[in-house]
Amino acid sequence: MAGNSEPLSARAKLAVTAGKAAAAVSKAAGRGSGSVIGGKVALRVDPDLLGALAQHLEVTLVSATNGKTTTTRLIAEALRAAGPVVSNALGANMPAGITSALSGGGDARYGVIEVDEKYLAGVARDTDPKCIALLNLSRDQLDRAGETRMLAEKWREGLNGTKAVVVANADDPLIVWAASACANVVWVAAGQEWKEDAWSCPSCGGVLQRQGDDWGCGECGFRRPSPSWVLNGDYVLDPHGSAWPIHLQLPGRANKANAATSAAVAAVFGVPPQVALERMYQVQAVAGRYDVVTYQNRELRLLLAKNPAGWLETFSLIDGPPAPVLLSVNARGADGTDTSWLWDVDYTRLAGHPICVLGDRKLDLAVRLEVAGLEFRVCESLDEALQVCPPGRIETIANYTAFQDLRRRVGN
Amino acid sequence: MSQNSLRLVWVYPDLLSTYGDQGNTLVVERRARQRGLDVSRLDVRSDQQIPTSGDIYLIGGGEDRPQRLAAERLRRDGGLNRAVANGAIVFSVCAGYQILGHEFINDLGQREPGLGLLDVVSTRGEGARCVGDVLADIDERLGLPPLTGFENHQGVTHLGPTARPFAKVRFGNGNGTGDGFEGAYNDTVFGTYMHGPVLARNPMIADLLLKLALDVNALPPVNDQWYEALRAERIAAATQST
Ligand SMILES: [Zn+2]
């Protein structure tokens, strides 16, 4: 825990050095930042390194299907009000990437760590966190992710007995199921537009009944806990009932939800909501997401949406018609190779927008939009799309590798 | 039923709609409306009764626990069996396909009874999960062009004497029994392991369901430009991936 100034063991120091050397070699060879390979080498030298590094920090873990990178960034900004922070800001969220990020922590007091959903229980065991933020769980990468409910079950078992304060979304039944076995939970009514993965009671399999914001199982009594923090439009209500305005440069309802959760996390570390929220305003773009770039004399806003829940939240933040919309979808390894999730996205929400589609799987998108009864143009390249897009800022929505392709193309 | 109206029933979207299965319903609905049919679509949640007066019933794929819950509720409800007895058409995918058979292996590793609407029995495969693009030839009696789909399942489905194989794979696994067969059907009930969703990649199967339901031999053509482009791309992908 923080305050424990016991130095790193000789083995841990050696591991950090070996990891940094490997990262430098990888970076020099042009293979990205080298942080993952560096972390892998360091963990091979000292498998307990992650725990050793975390010992010197007050750790917050952040996990979810959507919004974990942004929320990690918001929490990190908020906690900087209280002291230096180390964070895996670029989203390398498996043990190697996390180890690598913490190795560069210097004199940080707080560690704010995004964790891939599959690794959360293990990282929570290794890092003895003071706080864990759980945002949402929904279907993602159908070809390999396995069951969403099973993931919630694994969290429930893995986090049972944690000493951390768990800050969890009361509006996502799967999150509530995962968190409700923990001793110390702070419930946040952060909302969840996507409901298709939570019709079935995670506890007994009964059908969940919904009424307004409330939900509950008619058969076993599993129900929405009463929240102590509430996102209410542009405000977050704290446990004392005070309303704090959320001003963000990041767009959309989902980011307000991320800010509300982040304010609740900041409060665990004694940072008041007003201070936390003011600091969150500094965050402009997160790993290129939400960035507005100029390319070929056109303004493009770059929006990442990886799964149906993410697309749904993204549709709610784009400019209304006639703003042109450009959609790009790939199905490479990191995206998941099964594109059938496109049919879970309600594209009729784009009615009235001029639409261009591109990416490796533009024909899947074309059939999807045809069946939705929308007009669209299929384009071979970004440059072609920009030529046919009517005037105005282009809302560019892409899934993971398609998003990386676009960023490279526009030099972002 | 009347020649210009169609009652479409989507069975248990709360449990069996994990793999974009709504797409199959959307494609049938769209293609029916394009032919000027008056379509009523009913999405029936698993705490609601299955209507027995539908023309076409669609059932999708799902994870292991929801599959067991769906089988329990469909057996208790009995509506789907009554609808089939009334001559309704049923099209099922993956977990839904297994439920229509005599039995399958549930999430607890036990044999779970199905609805017995298809003469098939499903077990769990020993080998690796079948994941990837599939290309298959549909049973020639149906007179349809090749089947393209995406498979993602561990199940193995064995056909009994009154179920006909829906297709024979050229690339991919299909039913996983080693004989290359994929899916099963009888006069009015169809089952397949193909996602994609399969009707978006094979609109001629959606049209087959419509023709069976309407009892007609032909339907007015619709513009299939993008379906055809997608089919060509995915057929090439399946051919190259092996
Ligand atoms: Zn229940």
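No hydrogens, no waters, no symmetry mates; every other heavy atom, side chains included, goes into these values. Here is the naming used below: chain letters follow the sequence lines, and residue numbers restart at 1 for every chain.
For L208(A), the part lying under 4.5 angstrom from a heavy atom of chain B is the backbone only. For R201(B), the part sitting under 4.5 Å from any heavy atom of chain A is the side chain, from C-beta outward, and nothing else. D224(B) does not touch chain A: none of its heavy atoms, backbone or side chain, sits under 4.5 Å away. For a residue to count as touching a neighbouring chain, one of its non-hydrogen atoms must lie under 4.5 Å from one of that chain's; by this rule R234(B) touches chain A with the side chain only. Residue D360(A) touches chain B through its backbone alone, counting heavy-atom pairs closer than 4.5 Å. Heavy atoms of Q225(B) lying under 4.5 Å from chain A are absent altogether.
D14(B) is not listed as a side-chain neighbour of E196(A), based on a closest heavy-atom distance of 4.5 Å or more.
Surrounding CZ of R377(A) are at most 12 heavy atoms belonging to other residues, nucleotides or ligands under 6.0 Å away. Residue-environment remark: NZ (K195(A)) exceeds the threshold of 12 foreign heavy atoms within 6.0 Å. No more than 12 heavy atoms of other residues, nucleotides or ligands lie within 6.0 Å of OH in Y400(A), so this atom counts as exposed by the packing criterion. Heavy-atom contacts from other residues, nucleotides or ligands closer than 6.0 Å to CZ of R124(B) number more than 12. Atom CD of E375(A) has 12 or fewer heavy atoms from other residues, nucleotides or ligands within 6.0 Å. Shown here is R210(A), whose CZ atom has more than 12 heavy atoms of other residues, nucleotides or ligands within 6.0 Å.
Contact count versus chain A (heavy atoms, under 4.5 Å) is highest, among P66(B), S46(B), P13(B), S17(B), for S17(B). Interface check for chain B: of the options G205(A), S200(A), A366(A), the most heavy-atom pairs under 4.5 Å are formed by G205(A). Highest contact tally toward chain A, considering only R33(B), E29(B), R31(B), R73(B), is held by R73(B) [criterion: heavy-atom pairs under 4.5 Å]. The greatest number of non-hydrogen atom pairs below 4.5 Å with chain A, out of Q22(B), E233(B), H195(B), R65(B), is found for R65(B). When D64(B), N24(B), L69(B) are compared by the number of non-hydrogen pairs under 4.5 Å with chain A, D64(B) comes out ahead.
Taking CG from D47(B) and CD from Q209(A), the interatomic distance works out to 5.5 Å, rounded to the nearest 0.5 Å. For the atom pair CG of D344(A) and OG1 of T18(B), the computed distance is 8.5 Å after rounding to the nearest 0.5 Å. Interatomic distance, CD of E370(A) versus CG of L230(B), reported as 12.0 Å (0.5 Å rounding).
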Given the rule in the side-chain contact (heavy atoms from CB on, under 4.5 Å) test, do R139(A) and Y19(B) qualify, once you have shown the distances and angles that lead to the verdict?
CA-CA 9 Å; R139(A) 62 187 66 180; Y19(B) 299 93; over 6 Å; no
Go through it in stages, so that I can follow the logic: the residues are R231(B) and L363(A), the test is side-chain contact (heavy atoms from CB on, under 4.5 Å), and I'd like the CA-CA distance, side-chain angles, deciding distance and then a yes or no.
CA-CA 9 Å; R231(B) 284 178 59 72; L363(A) 295 178; over 6 Å; no
L15(B) and W199(A): side-chain contact (heavy atoms from CB on, under 4.5 Å), yes or no, with the steps?
CA-CA 8 Å; L15(B) 295 175; W199(A) 280 113; over 6 Å; no
Show your reasoning for whether side-chain contact (heavy atoms from CB on, under 4.5 Å) applies to W226(B) and L369(A).
CA-CA 10 Å; W226(B) 295 114; L369(A) 297 178; over 6 Å; no
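Proximity of a side-chain donor or acceptor of R45(B) to a complementary backbone N or O of V207(A) within less than 3.5 Å is not detected.
Shown here for L26(B) and W343(A), the closest heavy-atom pair between the two residues is CD1-CE3, 4.1 Å. Contact between D338(A) and N152(B) at its shortest, heavy atoms only, is OD2-ND2, 4.4 Å.
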